[in-house]
Amino acid sequence: MADNSVPVPPKGRIGVTYTEIAAHYGMSARYISENPRWGRHERWPESIGKRGRNKEFDPDAVAAFFNEHHIRETAPLDPDRLYTVVEIAEAANLQPDTVRSDISRGRWPAPDQWSQGETKLWRGDTVRAHLSARRTYRRAG
């Protein structure tokens, strides 16, 4: 979900619907329209009109919302150094259990190396590549 480009409305339209927004960001329209981190968020853009029963939104405002709330900053990791789960979590502003959960669910790349005691280690460039594609949400505050 690293795509921070602007959703493109259909020819002849100035706005995008939840369905078009969802397709652009790789999610379902229902998720976008009903999730408090998206369409029900207090800072979600106001509708600029309707297309049939569907609300339309300014594509630039949707992209700005995405950039403000759903872009993860790149973790400051040395590309060649090996990192443990705890070090990765600290650098990426995640909980270690979040990383472990992703590993156990197959949503994390295989370790680049194993140390003594079976500790899994990942190179910084492996972690950065994975985190750049990871979905995220930043709370306003």
For [Y], does its backbone N or O pair with a side-chain atom of [X] as donor and acceptor, under 3.5 Å?
X     : Y     : answer
Ser47 : Glu56 : yes
Trp38 : Ala22 : no
Arg51 : Gly15 : yes
Asn54 : Thr17 : no
Tyr83 : Asp78 : yes
Glu68 : Phe65 : no

What about [X] and [Y], same hydrophobic cluster or not, with Ile/Leu/Val/Met/Phe/Trp/Tyr joined at side-chain heavy-atom distances under 4.5 Å?
X      : Y      : answer
Tyr31  : Val16  : yes
Leu94  : Trp122 : yes
Ile103 : Ile88  : yes

Between Trp44 and Phe57 (judged by ring centroids, cut-off 6.0 Å), do the two rings come close enough to count as a pair?
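Here the rings of Phe57 and Trp44 have centres that are less than 6.0 Å from each other.
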Set of side chain to side chain donor-acceptor pair (under 3.5 Å) partners for Arg128, sequence neighbours left out
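Partners of Arg128 under the side chain to side chain donor-acceptor pair (under 3.5 Å) test: none.
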Considering all heavy atoms of both residues, which atom of [X] and which atom of [Y] are nearest to each other, and what is their separation?
X     : Y     : answer
Pro10 : Glu20 : CG-OE2, 3.1 Å
Pro45 : Val62 : CG-N, 3.9 Å
His41 : Arg43 : ND1-N, 2.9 Å
Ala91 : Pro76 : O-CD, 3.7 Å
Tyr25 : Pro7  : OH-CD, 4.0 Å
Val6  : His24 : O-CE1, 3.8 Å

Measuring only between side-chain heavy atoms, which start at C-beta, is [X] closer than 4.5 Å to [Y]?
X      : Y      : answer
Thr84  : Lys120 : no
Trp108 : Val85  : no
Arg13  : Val8   : no
His130 : Val127 : no
Met27  : Asn35  : no

Would Thr119 and Gln113 satisfy side-chain contact (heavy atoms from CB on, under 4.5 Å), going step by step from the backbone distance to the final call?
CA-CA 9 Å; Thr119 301; Gln113 189 173 319; over 6 Å; no
Going from CG on Asp125 to CG on Asp80, what distance comes out if it is rounded to the nearest 0.5 angstrom?
6.5 Å
